[in-house]
There are 2 protein chains.
Amino acid sequence: MSAWEELLAQAGHRVTEPRRLVMQLLLASETPLSPQTLFESARVQHHNLGLVTIYRTLELFESLGLVCRVHLKDGCHGYLAVSPGHHHFVICERCGGSVEFPGGDDLRALIADIEARTGYRIEEHLLQLLGLCPNCQGK
Amino acid sequence: MSAWEELLAQAGHRVTEPRRLVMQLLLASETPLSPQTLFESARVQHHNLGLVTIYRTLELFESLGLVCRVHLKDGCHGYLAVSPGHHHFVICERCGGSVEFPGGDDLRALIADIEARTGYRIEEHLLQLLGLCPNCQGK
DNA sequence: CCCTTATTGATAGTTTTTTTCAATAAGAAG
DNA sequence: CTTCTTATTGAAAAAAACTATCAATAAGGG
Ligand SMILES: [Mn+2]
Ligand SMILES: [Mn+2]
Ligand SMILES: [Zn+2]
Ligand SMILES: [Zn+2]
């Protein structure tokens with residue numbers, strides 16, 4: 001039983017075929033996947049899969065911290081599997097390739113600074129970097 | 001003629017009633033406004049306004065750097081007027097109140113660090129802080 | 001004031017996401 | 001393994017978000 005299946009069960013959720021397929025696809029992907037894309041890919045193996053299930057599964061996974069929703073250039077949403085803990089992504093604007101990185105001291109310092117200057121108590125942050133991966137540079 | 005109208009005209013675009021209304025609403029708002037909300041508010045004064053025009057106007061304003069699209073908690077999009085230059089926002093999760101802040105040295109350092117470690121050439125970034133404004137804390 | 005054409009709004013269409021509910025199957029219990 | 005409970009699924013339909021088309025309108029230059 002894989003780590004995320006363990007976590008699912010621990011939280012009182014069932015390990016089902018659609019959930020296995022969605023997580024499998026996300027874990028294997030280097031790029032963010034949209035609900036639609038996940039649907040089409042997963043349906044190859046699970047003939048009568050419903051798109052609704054994809055949405056529900058992604059919502060569940062996100063609530064458990066297994067995946068993370070990223071905001072693509074055009075305004076659409078994609079999902080990426082995340083390793084345990086808090087991370088952010090750099091996403092290639094050309095090929096979609098994504099790499100995780102931890103929010104380091106720099107970000108913590110920035111947040112502390114903003115809290116001091118605005119009086120806001122900051123509870124969450126959304127940080128995403130967009131650019132070109134090594135492969136796509138110079139093309 | 002206000003600054004943004006100046007900028008619009010300078011760029012070869014016309015200053016129209018719908019555009020005036022949308023910008024007026026955005027400038028007066030402390031919180032991000034959705035296309036739908038803008039539509040409903042603006043239609044009070046401009047009876048036969050089309051929702052399409054809101055979308056087109058926001059797209060134009062964004063391309064000119066007059067407004068900025070922010071990602072709300074629930075996944076929907078909202079728009080905020082921005083002052084000239086590059087800025088980010090802290091948004092209150094309770095009342096929606098938003099405050100701009102400049103991405104300081106901390107962020108630049110973080111980006112340089114990630115570029116060095118991942119090999120990506122970072123061209124854009126998305127940074128948004130979510131929390132509670134002074135008023136909403138302790139409620 | 002007139003002309004050119006950028007802009008608009010009505011209409012229709014597409015894509016994305018949510019709701020509902022009966023059928024199904026996961027996992028606990030025996 | 002079989003039975004039971006109920007979380008989960010999928011079909012269908014609806015709602016919400018966004019986009020494309022095109023004739024009518026009006027902004028702004030001359
Ligand atoms: Mn972080
Ligand atoms: Mn910035
Ligand atoms: Zn790339
Ligand atoms: Zn607040």
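Lettering follows sequence order; numbering is per chain, from 1.
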Nearest listed nucleotide, side chain of [X], among [options]:
X: A/H77; options: C/dT17, D/dG28, C/dA25; answer: C/dT17
X: B/Y55; options: C/dG9, C/dT18, D/dT19; answer: D/dT19
X: B/R14; options: C/dA6, D/dG10, D/dA17; answer: C/dA6
X: B/N48; options: C/dG9, D/dA17, C/dT19; answer: C/dG9
X: B/P35; options: D/dG10, C/dA10, D/dC18; answer: D/dC18

Strictly below 4.0 Å: does [X] bring a side-chain N or O up to OP1 or OP2 of [N]?
X: B/T53; N: C/dG9; value: yes
X: B/R19; N: D/dA27; value: no
X: A/H13; N: D/dT8; value: yes
X: A/H46; N: D/dG10; value: yes
X: A/T16; N: D/dT9; value: yes

| note | Walking DNA chain D from its 5' end, the first of B/A9 and B/V52 to be reached, judged by nearest nucleotide, is B/V52
Gap between atoms [atom1] and [atom2], on [X] and [N] respectively (whole Å):
X: B/L49; N: D/dT25; atom1: CG; atom2: P; value: 17 Å
X: B/E17; N: C/dA6; atom1: CD; atom2: P; value: 21 Å
X: B/Q36; N: D/dT19; atom1: CD; atom2: P; value: 14 Å
X: A/L64; N: D/dA7; atom1: CG; atom2: P; value: 16 Å
X: A/F39; N: C/dT17; atom1: CZ; atom2: P; value: 14 Å
X: A/L58; N: C/dT18; atom1: CG; atom2: P; value: 11 Å
X: A/E59; N: D/dT9; atom1: CD; atom2: P; value: 12 Å
X: A/E40; N: C/dT16; atom1: CD; atom2: P; value: 10 Å

| Do the rings of A/H125 and A/H88 sit parallel, tilted or perpendicular, given the 30° and 60° boundaries? | tilted
| Is there side-chain contact between B/H13 and B/L64, with heavy atoms separated by less than 4.5 Å? | yes
| If you draw a 6.0 Å radius around CD in B/E59, do more than 12 non-hydrogen atoms from other residues or ligands fall strictly inside? | no
| said: Given the structure, check if the side chain of A/R56 and the base of D/dG10 hold any donor-acceptor pair shorter than 3.5 Å. | reply: yes
| message | B/L58 vs B/E62, test: side chain to side chain contact (heavy atoms under 4.5 Å, CB included). Steps then yes/no. | response | CA-CA 6 Å; B/L58 289 171; B/E62 192 178 16; over 6 Å; no
| message | Between A/S98 and A/E30, do the side chains contain a donor N or O and an acceptor N or O under 3.5 Å apart? | response | no
